[in-house]
Every structure is written in structure tokens, then in C-alpha cells.
J.: 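Just dropping this structure here.
The figures that follow rest on heavy atoms only: side chains count, while hydrogens, waters and symmetry mates do not. As the structure is a prediction and not an experimental result, all values here were calculated from the model. Chain A is the first sequence line, chain B the second, and so forth, proteins listed ahead of strands; every chain is numbered from 1.
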2 protein chains.
Amino acid sequence: MNTEPPPIRVLVVEDEPIAADAHAVYLQRIGGFSLAGTAADGQSALRALQQAAEAGQPIDLILLDMNLPDLHGLDIARCIRSGGLAVDIIAITAVRDLKVVRAAISSGVVQYLIKPFTYAMFAEKLANYRDFRQQLASPTARASQNDVDLALASLRAPTAAPLPKRLSESTLTAVVVLLKSHAGPISASEVMDRLGISRVTARRYLEYLADQQTVRRTARYGTPGRPENEYLWRG
Amino acid sequence: MNTEPPPIRVLVVEDEPIAADAHAVYLQRIGGFSLAGTAADGQSALRALQQAAEAGQPIDLILLDMNLPDLHGLDIARCIRSGGLAVDIIAITAVRDLKVVRAAISSGVVQYLIKPFTYAMFAEKLANYRDFRQQLASPTARASQNDVDLALASLRAPTAAPLPKRLSESTLTAVVVLLKSHAGPISASEVMDRLGISRVTARRYLEYLADQQTVRRTARYGTPGRPENEYLWRG
DNA sequence: ACCCTTGCGTTCATATTGGTCCCACCCAAC
DNA sequence: GTTGGGTGGGACCAATATGAACGCAAGGGT
């Protein structure tokens, strides 16, 4: 029906190897991204950007730490901008200074993630960015005001609670396991049958996962009655 | 409770005097902003920025047109970034090219307003920016993740009006995607076949889009039978 | 000119699911 | 033992696509 968009090429810029690895691992767990490289300081980050652009495989996104041995993250952002590279930046840093936050946003940082963070927080920010990008990647090269607003809205969507009420960890994992093991899309009724839980409960968890962008929600047509939602795990 | 925040100093960059005046007038009608100057081309805009910064009254926000006689708006944004000035940019332009939109957001444009626009739209974007700024101007110099998220969320445009009855978001999206990807005009029957939905449903959504002026409706004659409506996506 | 054919527009009842409210049950804390 | 929070599930109403039936506007033959 529709073609899968190409993965978003990500450069991780982080001087602590442990943290850099963690970011890379987290990244792999989210669909739609591919790790294009890692840099431990500002100079090598800029070099990697340049090389990737010259190789015809430009970086799309940088996960940028602010505290680096040679350059400050804001300086790196400035260098990137003056180079005119079309790369987006998500700041991932322990710096909580409001001035830095403001300056980062002025410099075109699209998300600002404060360390330490949970995987859920990380995944949410990245998923927001992925949706934002997909909305602006439409084949029609022109945008309406509504298109732009919707794209920005998905980029800046507010935070979701750690785990909303009415949801339990065990049931959630059961649903996730079922979704992962199931090849095609699956409906709430089918989850009900497979797991022996009620339709209401199945729907509650599936909707949560859909809101979290970890499953894709589509509608099944062709039969009378209200269309049935189907949920598909995103690899 | 707390003192009134100082007004946000705005520089209007627009080559057409009429439009520049309009922006200035609109700006006066919104609280919390003060017009710091007007520039008709890129060079004078950069000069004005520099002078304001040296005079100790830096510009906070630029309303930036993309099409200027000497420099492109994106170039101006790039110059500003490489200068390291902490100034935010709202793009106000007739350019609807998605590449430009993406590049603008990468360059740190916080809002993108497509001309022509209504005063309500203009006021909404500016008010959003004002709220965003106020949230990051808190006397506490440190931010939590929640603070940052809330501030970014206020930059986000509120969700569009709810859909009329009998229409669902997902189905509408499917129809829109199909229309966008289809070059020529398309009939209700063809939408039925392509999406696997019924003719009645396809027509309901196409009629809605036609009423919203987002698709153009024409009639096809020449074949036996009642003339068939065709719908064409408007770029 | 008239009528028949043809295929879409329109309306309505129906089927089936989504969404919400509220209660039963479980478990932990006191 | 009692109380309180929280999860799961039944019941109900709302929502939405479908299918059939009818109406309508054009083409084409007599």
C-alpha cells in the first residue's frame, strides 16, 4: 500500500563511551532509525558530518551532548548552521541551565532531553521527531499552513505520563509479546481471544501502545459495521 | 504576583512596505510585543540586529520573509546563527516549498506562517511564542524535563477543529494520502477500489474535502450514465 | 421527440465496533 | 479484619462503514 520511508540516519555525539553506547542501543530499539556513526568530541563530529555529506549519505539527525572536551554543544550547533547543513539536532545533556535551553532552541535544536532519562522518554522524543519528519516528507512538494502546524505539533507533543492509570506492567508485556510474535496486524477482538482478556482491556492497552507510537493503527474496511481497528507492531 | 515581563522586541524583515506595515500593525494589537524596527532587505536586517545588540537592547524575535531582494531568508538565518546571536525567528512567507520549510525548522525557526494569513492565525502564532518565552523566563535558572516539554508544547499549534459527524480521522487520512499521491483527478469509485472502502463512504469524505476547498470537484461527461464527479488535490 | 439504458448520487436501515461508566475482585497497607 | 487503591470486565450508548433501494442526469437508439 505505502512504501516504508528510508531510515533516519543518526549521528551520536557523546564523549562518554558508556552513554554513547546506551544511546546507540536505545536507538536500535526504535523503528525507523539507523545509526550512522558516533563521535566523542566536537571536531570529529563535524568531520563525520562533512564526510557523510560528501559520501552522498548525509546525516539527518544528531544526538548532541552539550558538554564535550573540545567544543561546547552550542558552538557545534553554530558551526553546523553556518555550514548550511540541513541536519536536525536533538540535545541530550545534563545541562539544565535555562540560558542554554533557550540558546539551544534558538539554534535550531528540535528537542531537548535532560539526562538522566528513561528509555520511554528517549523513545518518545525520537518517535515525535520521526513523525514530524514523515509528515514533511510527503511527495507533494508544497505545504499548507495546516500541514506545517500538524508537523510542528507532532514534534512538540507534550510528555506522556510514566505509565497511565488502569495499565499494569504484566498485561502490557503480554500484549507486546503477542504483537511481536504476530506477523500481520491484529485486532482488539483477536487479542481478546488470544490472551483471554476482555475486549475493553485489550483495547486499553492497544490504544496506549498506539499513542506511544510503538504500534501502528489502521482501520479494516470491507465489512458492514463500524470499522475495526487493527494494530501492527513496528519493527 | 510577579512583575510584568518586558515586552518582546521584534524586528520585521519584509521587502514589501505594505506587508511590513501590516505586520507592524498586527503586532501592536497583541500584548507583550514592541516593534524594534523594520528592515526591507537582508543586509539592513543584519545591521539592525548588530546595532541593537551593541546598544544594549537586543532584538528578541524576527519576523522573517524568505524572499528578499538581496539574500534568501535561509541565508539570513544562517548568518544569524553563525554570529551566535540569541534571537528567535518566525518565518512569514508565501514560500510553501517543503524543502524550505524543513530547512527553516532546521535553522531554528520556531514558527512558520504561510502567506496569506488571517489576523487570527498571526495572533495565535505570536501568542504561542510569547507563552513559550514566558515559560522559559522563569526566575529559577534551572529547568526540569517537564519545564522544557511544556515550553515546547506551547509553541505547538492547538489541534484543528474536530471533524464533523460520520467522519473518522484515520479514514480521512487514508483518502488524503491517496489523493496526494494520485496525479490526475480521481473518482469516488476509484477511491473505493484503491482503499477497499465502499462507494458511499468514499464519496462522503471526498465531498467533505471538496467543501473544505482542499480538493477541486469537476464532473466527467461523455460516457453513458449519470455524470461522475472527479476530485483533484489542490497543491 | 421520446423512451430506454446506464451508472452515479442520495438516503436509510443495519451491523458491528469504539468509548465510557461503573462495579467486582485482588492485593497491599494499616 | 478492615480499608483503600488499582486493575479487569460487563453493560450500555455513541459512532461509523456497509448494502440495498431509489432517484436522477446524461447518452443512445427508435
J.: How close or far is atom P of dC8(C) from atom CZ of Arg217(B), stated in whole angstroms?
T.: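 So the two atoms are 17 Å apart, to the nearest Å.
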
J.: Under 4.0 angstrom, heavy atoms only, what part of the nucleic acid is Ser187(A) near: base, sugar-phosphate, or nothing?
T.: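 Nothing: the residue Ser187(A), judged by heavy atoms under 4.0 Å, touches no strand.
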
J.: Are any of the side-chain nitrogens in Arg102(A) or Asp88(B) under 4.0 Å away from the carboxylate oxygens of its partner?
T.: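 Looking at Arg102(A) and Asp88(B), the cut-off is not met.
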
J.: By nearest nucleotide on DNA chain D, pick out whichever of Gly222(A) and Lys165(B) is the more 5' one.
T.: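 Whichever sits nearer the 5' end wins; that is Lys165(B).
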
J.: Do we see a donor-acceptor contact under 3.5 Å between the side chains of Tyr231(A) and Glu207(A)?
T.: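 Yes, Glu207(A) and Tyr231(A) have a side-chain donor paired with an acceptor closer than 3.5 Å.
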
J.: Take atom OH of Tyr221(B) and atom P of dG9(C), then tell me their distance rounded to the nearest Å.
T.: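 To the nearest whole Å, that distance equals 12 Å.
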
J.: Between Arg204(A) and Tyr208(A), do the side chains contain a donor N or O and an acceptor N or O under 3.5 Å apart?
T.: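 No, no side-chain donor-acceptor pair sits under 3.5 Å.
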
J.: Using a heavy-atom cut-off of 4.0 Å across all strands, would you classify Thr171(A) as base, sugar-phosphate, or nothing?
T.: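 Sugar-phosphate only.
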
J.: So which atom in Phe117(A) and which in His23(A) form the shortest heavy-atom distance, rounded to 0.1 Å?
T.: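 That closest heavy-atom pairing would be CZ-NE2, 3.7 Å.
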
J.: Pairing donors with acceptors under 3.5 angstrom, does anything connect the side chains of Thr171(B) and Tyr221(A)?
T.: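 Judged by distance alone, the side chains do pair up.
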
J.: Round to the nearest Å and state the distance from Arg226(B) atom CZ to dT10(C) atom P.
T.: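 It is 6 Å, rounded to the nearest whole Å.
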
J.: Send over the distance from Arg166(B) CZ to dA15(C) C1', rounded to a whole Å.
T.: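 Those two atoms, CZ and C1', are 13 Å apart.
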
J.: Would Thr173(B) and Ser170(B) count as a side-chain hydrogen bond (donor to acceptor under 3.5 Å, both in side chains) here? Give the steps.
T.: CA-CA 5 Å; Thr173(B) 307; Ser170(B) 58; over 6 Å; no

J.: Anything under 4.0 Å to a heavy atom of chain A counts; send over the first and last such nucleotide of DNA chain D, read 5' to 3'.
T.: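 Result: dG6(D) to dG19(D).
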
J.: In terms of the nearest nucleotide of DNA chain C, which residue is placed more toward the 5' end: Glu230(A) or Gly225(A)?
T.: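 Going by which nucleotide is closer to the 5' end, it is Gly225(A).
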
J.: When you check the gap from the basic side-chain N to the acidic O, do Glu14(B) and Lys115(B) get nearer than 4.0 Å?
T.: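 A salt bridge is present here (some side-chain N lies under 4.0 Å from a carboxylate O).
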
J.: Using whole Å, what does the distance between atom P of nucleotide dC8(C) and atom CD of Glu228(B) come to?
T.: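 It works out to 5 Å between those atoms.
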
J.: May I ask you to check whether Glu230(A) and Ser187(A) show a side-chain donor-acceptor distance below 3.5 Å?
T.: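 The answer is no; no qualifying pair exists.
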
J.: Which of residues 199-212 of chain B sit near DNA chain C, with a heavy atom under 4.0 Å from it?
T.: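 Per residue number, the list reads Arg199(B), Val200(B), Arg203(B).
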
J.: With a distance cut-off below 6.0 Å to the six-membered ring centre and an angular limit of 45° from the axis, does Arg29(B) pair with Tyr119(B) as a cation-pi contact?
T.: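 Ring-cation test returns yes.
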
